[in-house]
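These notes concern the structure reproduced below.
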Amino acid sequence: MAEPIKITIPSDPRYLCVNRRALQQILTLAELPEELTSQLALCVDEACSNVIKYGYEGETNHSIEISYAIDNDVFEVKIRDYGKQCDTSKFQPRCLDDVKPGGLGTFFIHKIMDSVSYCTKREKGTLLTMTKNLKTDMVNQKEEE
Amino acid sequence: MAEPIKITIPSDPRYLCVNRRALQQILTLAELPEELTSQLALCVDEACSNVIKYGYEGETNHSIEISYAIDNDVFEVKIRDYGKQCDTSKFQPRCLDDVKPGGLGTFFIHKIMDSVSYCTKREKGTLLTMTKNLKTDMVNQKEEE
Amino acid sequence: MTVELNSEEKDGVVTISIEGEFDMAASPKIRNFLTPLFKENNRSVIVDLAKVPYIDSSGIATLVEGLQWSHSSDKKFRLTQLSPAVKDVFEIARLLTVFEVFDSHEEALQGA
Amino acid sequence: MTVELNSEEKDGVVTISIEGEFDMAASPKIRNFLTPLFKENNRSVIVDLAKVPYIDSSGIATLVEGLQWSHSSDKKFRLTQLSPAVKDVFEIARLLTVFEVFDSHEEALQGA
Ligand SMILES: Nc1ncnc2c1ncn2[C@@H]1O[C@H](COP(=O)(O)OP(=O)(O)O)[C@@H](O)[C@H]1O
Ligand SMILES: Nc1ncnc2c1ncn2[C@@H]1O[C@H](COP(=O)(O)OP(=O)(O)O)[C@@H](O)[C@H]1O
């Protein structure tokens, strides 16, 4: 991909599907297997949902800027918001033994992505960068078979 | 729509489908009839194709910035490129009586959209703004039935 | 693209069929549809996910509420016809064995 | 998402089935597939558009080349099974009567 593909959506759950659709198409073009495509879409979606819920505290009139790049078989997504900054070191994926609603989003993100890093060294908001090596996964899937 | 939805794709025909998919989803969310959804996607796609062909002369490593808004039942799309500026008053939709390849793109755009305006009053590139009143069309369709 | 919900009763079991993506936009609507059934508390509930191509953590959370209700009730809360993508999400969350999950609606009806 | 092309011969007529969106990304590939048939010039050509959900002006232009070839040849160039969205684009371009368009492949084969 010469240039990253960027998409900006309002901080409204209604528009999460617009981003998912674009991402699914990007990954399909990259000839990723369907399962991995769905998993990556899930991670991005969960991160955007959290921006709406926590960064913007449910306010729907802000923006979420998402950028996608695939370089040397590494998928990189950046999610920028201009909402409340949090101590991101404190949000932990929850323990699955305790079945309750909530806490699963960050679990999915950490389980699926190779790297997840939040940066709040900006005047406003957060930049979340997540990466996934697309080749490794396919090798792993083959090994598991 | 509180904030416009924006998408930036590389000037590569390969990625036109990513933009189409996002737009189709936006219009589906707005509960537009499928026919109008397809027609609007066609117009945006033709305009982006022309940016690649003429603005960027086939170079695939530039950007096309597209923004979508729906306000008071008016759909507005803006397409910004940083390529060659042209005398846009000179490109005319072609006469359909002469069946030949080429010249159809701008015909579709002018036929389907309500307003089409090119602005080259920038240091670089062109901003194309197109609008379509979504209500009028549905009323017209009803009248035609 | 908004989610469609359908409910059907048979032999004292109510089946909720969901059509559409079960994401953060759809979850409140689905939750509002399910909660009254839990309050009623007189019929087992089967959720048919055949036409759900996508589920996120908000969708799972909505279904976990059904699970919790069934634990505190003598009624069943069952899931059926998960699409491969939805099944994969349940698998990652290790919830495939926590929920009562059935391949077909007929199987889900047995003893519900 | 890249376009798939299939060709099949029957009674001296070659049918090209296209699967995928016929846009500016797909047109060169489809054009490269069709051009040799026009050069050969010994069989009529049917293009089956059943699995083409989208066509743009570059797709139309590619098909117009087939039309022009058939005008300068004694062979036919026919289109069949246009999806509603594709038909609509042809209609807007007023090309539905310029091309030989058939609802079914069987009809397109008649006298081709
Ligand atoms: N973007 C964010 N900004 C602030 N806090 C966040 C963000 N994302 C996650 N968190 C915190 O991490 C916790 C776990 O998030 P998550 O796993 O998505 O589950 P849930 O949102 O259901 O609680 C949240 O409850 C919240 O406290
Ligand atoms: N963005 C653009 N920049 C420069 N010239 C353009 C642009 N869009 C259209 N044109 C001009 O208008 C003409 C008609 O365009 P169009 O109807 O899309 O058909 P085609 O591209 O097949 O010629 C083009 O041949 C070109 O000269």
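Within every chain, numbering begins at 1; the chains are lettered A, B, ... in the order of the sequence lines, protein sequences first and strands thereafter.
Annotation for A:K78: atom NZ does not count as buried by contact number, only 12 or fewer foreign heavy atoms lying within 6.0 Å. Within 6.0 Å of NZ in A:K6 there are 12 or fewer heavy atoms belonging to other residues, nucleotides or ligands. Annotation for C:E40: atom CD counts as buried by contact number, over 12 foreign heavy atoms lying within 6.0 Å. The environment of A:N72 atom CG is sparse: at most 12 non-hydrogen atoms of other residues, nucleotides or ligands sit within 6.0 angstrom. Counted within 6.0 Å of CZ on C:R43, heavy atoms from surrounding residues, nucleotides or ligands total more than 12; the atom is thus considered enclosed. Applying the 6.0 Å contact sphere to CD of A:E59 captures more than 12 heavy atoms from other residues, nucleotides or ligands.
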| request: Could you give me the CA-CA distance, side-chain angles and deciding distance for A:E35 and C:K87, then say whether salt bridge (Lys or Arg N to Asp or Glu O under 4.0 Å) is met? | output: CA-CA 11 Å; A:E35 188 177 309; C:K87 203 167 202 166; over 6 Å; no
| request: Show your working on side-chain contact (heavy atoms from CB on, under 4.5 Å) between C:I92 and A:Q39 and close with a plain yes or no. | output: CA-CA 10 Å; C:I92 297 170; A:Q39 291 179 359; 3.7 Å; yes
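Within the 4.5 Å cutoff, the side chain of C:S57 has heavy atoms near those of the A:F108 side chain. In this structure the side chain of C:D23 reaches within 4.5 angstrom of the side chain of A:R20, judged on heavy atoms. Side-chain contact check for C:M24 versus A:D45: every heavy-atom pair is 4.5 Å or farther apart.
Taking every heavy atom of both residues into account, C:A25 and A:P13 meet most closely at CB-O, 3.5 Å.
When C:V89, C:I55, C:D88 are compared by the number of non-hydrogen pairs under 4.5 Å with chain A, C:D88 comes out ahead.
Proximity to chain C (any heavy atom under 4.5 Å) is restricted, for A:L16, to the side chain, taken from C-beta onward. Contacts between C:L63 and chain A at a heavy-atom distance below 4.5 Å are absent for every atom of the residue.
When atom types are taken as modelled, the side chain of A:E46 and the backbone of C:D56 share no donor-acceptor pair closer than 3.5 angstrom.
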